[in-house]
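Accompanying notes for the structure given below.
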Amino acid sequence: MKQMIVTICNDSYAGLLDPWLEAIRKLTELPITVLCLNGFRPTSELPCKVAEVAEDGNPFPNDLPDHACAEKLRVFEHIPDADRILFIDLDVLVLQAFWEQESYFDISGSKLVLAPDLFVGYKEKMEEEFCPYDPAFRMRYTKGGGFFYFNTGVFFASRETHAEWFRRFLATWKNYLAKTGKRPSIFDQNMVNYCLIRFDLPVYSMPVVNNCLRQYETLEISAGRLLLNRQKINAYHFNGGNGAKKLERWRAMFHKLEVNHDAT
């Protein structure tokens, strides 16, 4: 069983690639593959495998963020030698090897492994967005009353369980676009969550600290470590804005961590 970490990069996000790789390489020797889109090619040798991706089969023009997000659903097509993958967006700073804290690669053999997205906005509008396409659709809730809704910036998946489902997700995305004339909001995330609910697929939920969103008010820095509710954060998601804005936030966060570490 070959395990691999995967990300996607194009010219717009090229500035994030080196710091993203540096952070992960400090934590693991797992194979890493970067899917390069729209003719992008790194200018320097990197500690990973680089795979150039053809645009055929992508429903969106390459100047839309949806284009890169749709390629997440073709990940197993582009990496034929990977059995189980950990996908991590380039705007996610990995701080701890959370894949070693629990057997997420093994779990992904039967369930998609995701972290809940608690940010207010998108999940609350799921029915409004998808009922015009699927009038029978209703939002799902967890046993605790929370939204059954997950962030797709970090996930574990397996070829044997999810490759065919991902193709079905992409077909649903194309059909949604053809039927409504609209793109689902927040790119791939609302579409993936719609499919998880509509097709009743099993999900294994990671703790939120594995994919912390920057808007959380309880975020703090102590001894050079990022904490959420006093727990060490495993991965910090610089969501919102373009690649340049995210790189600016990344550098600002590193500066805060260094200043805090030097002061302790």
Side-chain angles (χ1 to χ4, degrees), residues 6-13 35-40 51-79 85 87-92 112 114 116-117 119-140 147-155 157 159 161-203 211 213 237 239-243 245-246:
V6 183
T7 195
I8 290 173
C9 190
N10 55 24
D11 281 321
S12 298
Y13 280 75
L35 301 179
C36 296
L37 309 186
N38 313 332
F40 168 73
E52 295 186 60
V53 173
E55 296 180 19
D56 297 343
N58 194 306
F60 301 104
N62 61 27
D63 60 341
L64 294 179
D66 308 68
H67 181 90
C69 292
E71 290 299 343
K72 293 182 188 181
L73 300 177
R74 301 206 295 165
V75 60
F76 290 110
E77 299 173 34
H78 301 318
I79 311 177
I85 61 110
F87 184 92
I88 307 176
D89 276 343
L90 272 179
D91 60 352
V92 173
L112 198 62
L114 296 153
D117 192 334
F119 183 60
V120 174
Y122 305 111
K123 60 187 181 299
E124 289 82 358
K125 296 182 179 180
M126 285 282 288
E127 288 187 16
E128 177 183 333
E129 182 167 346
F130 283 92
C131 282
Y133 169 72
D134 177 2
F137 174 73
R138 295 295 180 271
M139 189 64 191
R140 182 188 297 176
F147 287 86
F148 183 88
Y149 185 82
F150 301 91
N151 189 289
T152 55
V154 175
F155 64 83
R159 179 181 301 278
T161 303
H162 302 112
E164 185 59 39
W165 277 115
F166 282 3
R167 283 190 285 270
R168 191 168 178 182
F169 287 10
L170 187 57
T172 303
W173 198 345
K174 292 179 181 179
N175 186 255
Y176 180 96
L177 183 63
K179 186 173 180 179
T180 68
K182 299 178 181 179
R183 295 176 288 139
S185 61
I186 197 167
F187 317 125
D188 63 301
Q189 185 159 299
N190 272 11
M191 178 53 66
V192 167
N193 278 281
Y194 164 78
C195 289
L196 292 175
I197 295 170
R198 169 52 63 210
F199 301 135
D200 194 25
L201 296 180
V203 173
N211 196 16
L213 302 182
H237 193 178
N239 60 317
N242 58 25
K245 186 64 177 179
K246 292 176 180 183

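For clarity, every value in this text was computed on a predicted model and none was experimentally measured. Below, all heavy atoms of this structure are taken into account, side chains as well, without hydrogens, waters or symmetry copies.
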Are the side chain of [X] and the backbone of [Y] linked by a donor-acceptor contact shorter than 3.5 Å?
X	Y	answer
Glu77	Arg74	no
Thr7	Ile88	yes
Glu52	Leu35	no

Is the closest side-chain heavy-atom distance between [X] and [Y] below 4.5 Å?
X	Y	value
Ile79	Val6	yes
Arg138	Cys131	yes
Trp173	Leu73	yes
Thr172	Tyr133	yes
Phe130	Pro184	yes
Arg167	Phe76	no
Tyr13	Lys246	yes
Leu201	His162	no

Which pair of non-hydrogen atoms, one from [X] and one from [Y], has the smallest distance, and what is that distance?
X	Y	answer
Tyr149	Lys123	CG-CB, 3.4 Å
Gly153	Val92	O-CG2, 4.2 Å
Glu71	Ala54	OE2-O, 4.2 Å
Asp188	Lys72	OD2-NZ, 3.4 Å
Ile197	Met139	CD1-SD, 4.0 Å
Ala157	Phe166	CB-CZ, 3.9 Å

To the closest 0.5 Å, what do you measure between [atom1] ([X]) and [atom2] ([Y])?
X	Y	atom1	atom2	value
Asn58	Leu37	CG	CG	8.0 Å
Met191	Arg198	CE	CZ	12.0 Å
Ile85	His78	CD1	NE2	11.5 Å
Asp11	Phe40	CG	CZ	6.5 Å
Ser12	Asn62	OG	CG	9.5 Å
Cys69	Ile8	SG	CD1	7.5 Å

Checklist entry - Strictly by modelled atom types, are Asn193 and Tyr122 linked by a side-chain donor-acceptor pair under 3.5 Å? => result no
Checklist entry - Does the side chain of His67 come under 3.5 Å of the side chain of Asn38 through a donor N or O and an acceptor N or O? => result yes
Item to check | Working for side-chain contact (heavy atoms from CB on, under 4.5 Å), residues Asp134 and Tyr176 | outcome: CA-CA 9 Å; Asp134 177 2; Tyr176 180 96; over 6 Å; no
Checklist entry - Are Arg168 and Phe199 in a cation-pi setup, meaning NZ or CZ lies under 6.0 angstrom from the ring centre and within 45 degrees of the ring axis? => result yes
Checklist entry - Once the angle between the rings of Phe87 and Phe155 is folded into 0 to 90°, is it parallel (under 30°), tilted (30 to 60°) or perpendicular (over 60°)? => result parallel
Next on the checklist: Classify the ring geometry of Trp165 against Phe169: parallel below 30°, tilted from 30° to 60°, perpendicular beyond 60°.
Outcome noted: tilted
Item to check | Verdict with supporting geometry, Thr161 and Leu112, side-chain contact (heavy atoms from CB on, under 4.5 Å) | outcome: CA-CA 9 Å; Thr161 303; Leu112 198 62; over 6 Å; no
Checklist entry - Are Lys125 and Glu128 ion-paired here, with the side-chain N under 4.0 Å from a carboxylate O? => result no
Item to check | Lys182 atom NZ, over 12 foreign heavy atoms within 6.0 Å | outcome: no
Checklist entry - Should Lys174 and Leu170 be marked as a side-chain contact (heavy atoms from CB on, under 4.5 Å) after you check the CA-CA gap, both sets of side-chain angles, and the distance that decides it? => result CA-CA 6 Å; Lys174 292 179 181 179; Leu170 187 57; 4.2 Å; yes
Item to check | side-chain contact (heavy atoms from CB on, under 4.5 Å) between Val203 and Leu196, intermediate numbers included | outcome: CA-CA 8 Å; Val203 173; Leu196 292 175; 3.9 Å; yes
